[in-house]
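Because only heavy atoms are used, hydrogens play no part in the values below, and waters and symmetry mates are left out as well, while side chains stay in. Letters go in sequence order (proteins before strands), and every chain restarts at 1.
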Amino acid sequence: AQSVTQLGSHVSVSEGALVLLRCNYSSSVPPYLFWYVQYPNQGLQLLLKYTSAATLVKGINGFEAEFKKSETSFHLTKPSAHMSDAAEYFCAVSERTGTASKLTFGTGTRLQVTL
Amino acid sequence: GAGVSQTPSNKVTEKGKYVELRCDPISGHTALYWYRQSLGQGPEFLIYFQGTGAADDSGLPNDRFFAVRPEGSVSTLKIQRTERGDSAVYLCASSSSGSPLNEQFFGPGTRLTVL
């Protein structure tokens, strides 16, 4: 069975500081991996996805993530945090061989950005 | 264009009552998903439709939960004999196909509260 683990339910950074949100996955087959962001009272929005084309994936709003098979990780980073980045972030995995591309989500990391 | 919409945005009901939650996917999207997000958790898969048929309903927790998509567009999630444990945000997502390469677009959710 596939799963993802997000380390740290809450992360606080100063504006302008590096953002690092951690995600480790478990999958019996090469996975598709995703990061979603959820702003208050809004739906989930896709930040970026890994589909094996390149291990370093660039997404919207300056975020990127690197797929590391040896570490089974897909950590999300942004060089410089903005106040507008405050939200909840979810890592998700989708099995490549399934007939349905259902997503399995982590428990989320709430990012707080302080002045 | 219009995104995924869900109605109602909030639903409060009493234990034992029947509820229906509606999802309007993005026009032309053949794949439709339902997820449930409990407080402090990531979304959990419930059911996936490809067209009118439920291709994967393995996430439905029990037979009190049922979903339909009779014309391959709008979907309704139906919950019978609601229990307090059913309280959660119910999310709907649609995609242009069932392939994991295609982004799932999420609606804002319906917050269900069972008293």
Side-chain angles (χ1 to χ4, degrees), chain A residues 1-10 21-25 27 29-54 57 59-60 76 87-110, chain B residues 2-10 23-26 29-51 53-60 67 69 88-111:
Chain A
Q2 56 187 358
S3 65
V4 291
T5 302
Q6 292 184 241
L7 296 176
S9 58
H10 290 82
L21 305 182
R22 300 177 186 274
C23 174
N24 289 87
Y25 71 90
S27 178
V29 297
Y32 288 145
L33 293 161
F34 305 81
W35 275 99
Y36 280 84
V37 61
Q38 189 174 38
Y39 297 102
N41 301 316
Q42 294 187 29
L44 289 158
Q45 180 182 5
L46 181 67
L47 275 177
L48 49 81
K49 63 181 179 183
Y50 166 75
T51 59
S52 79
V57 181
I60 62 172
L76 182 71
E88 184 130 29
Y89 293 79
F90 292 94
C91 181
V93 62
S94 176
E95 278 194 3
R96 180 179 303 211
T97 59
T99 56
S101 58
K102 57 187 175 184
L103 296 170
T104 300
F105 287 86
T107 52
T109 297
R110 184 166 298 278
Chain B
V4 178
S5 62
Q6 294 185 245
T7 54
S9 55
N10 281 282
C23 172
D24 278 272
I26 292 173
H29 279 189
T30 60
L32 185 146
Y33 306 80
W34 284 98
Y35 294 84
R36 178 169 71 173
Q37 186 174 16
S38 300
L39 192 63
Q41 302 295 318
E44 293 179 299
F45 169 80
L46 296 177
I47 187 169
Y48 157 64
F49 287 90
Q50 182 59 251
D56 185 343
D57 65 357
S58 61
L60 294 178
R69 196 186 184 198
V89 176
Y90 289 81
L91 299 170
C92 176
S94 72
S95 177
S96 58
S97 81
S99 167
L101 291 173
N102 294 114
E103 179 179 351
Q104 293 186 27
F105 293 86
F106 283 80
T110 294
R111 181 176 299 278

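- Expressed to the nearest 0.5 Å, how far OH of B:Tyr35 lies from CZ of A:Phe105 amounts to 5.5 Å.
- Remark: A:Ile60 CD1 is packed, more than 12 non-hydrogen atoms of other residues, nucleotides or ligands lying under 6.0 Å away.
- For A:Lys49 against B:Glu103, the heavy-atom pair with the smallest separation is NZ-N, 4.3 Å.
- Smallest separation of non-hydrogen atoms from B:Phe45 and A:Leu103: CB-O, 4.2 Å.
- Scanning all heavy atoms of the two residues, the minimum distance from B:Gln37 to A:Phe90 falls at NE2-CZ, 3.2 Å.
- Remark: B:Ser95 engages B:Ala31, B:Tyr33, B:Asn102, B:Gln104 in a side-chain contact (heavy atoms from CB on, under 4.5 Å) (not counting sequence neighbours).
- Looking at A:Gln6, there are no atoms closer than 4.5 Å to chain B (heavy atoms on both sides), in backbone or side chain.
- Taken to the nearest 0.5 Å, the NZ atom of A:Lys102 stands 11.0 Å off from the CG atom of B:Leu46.
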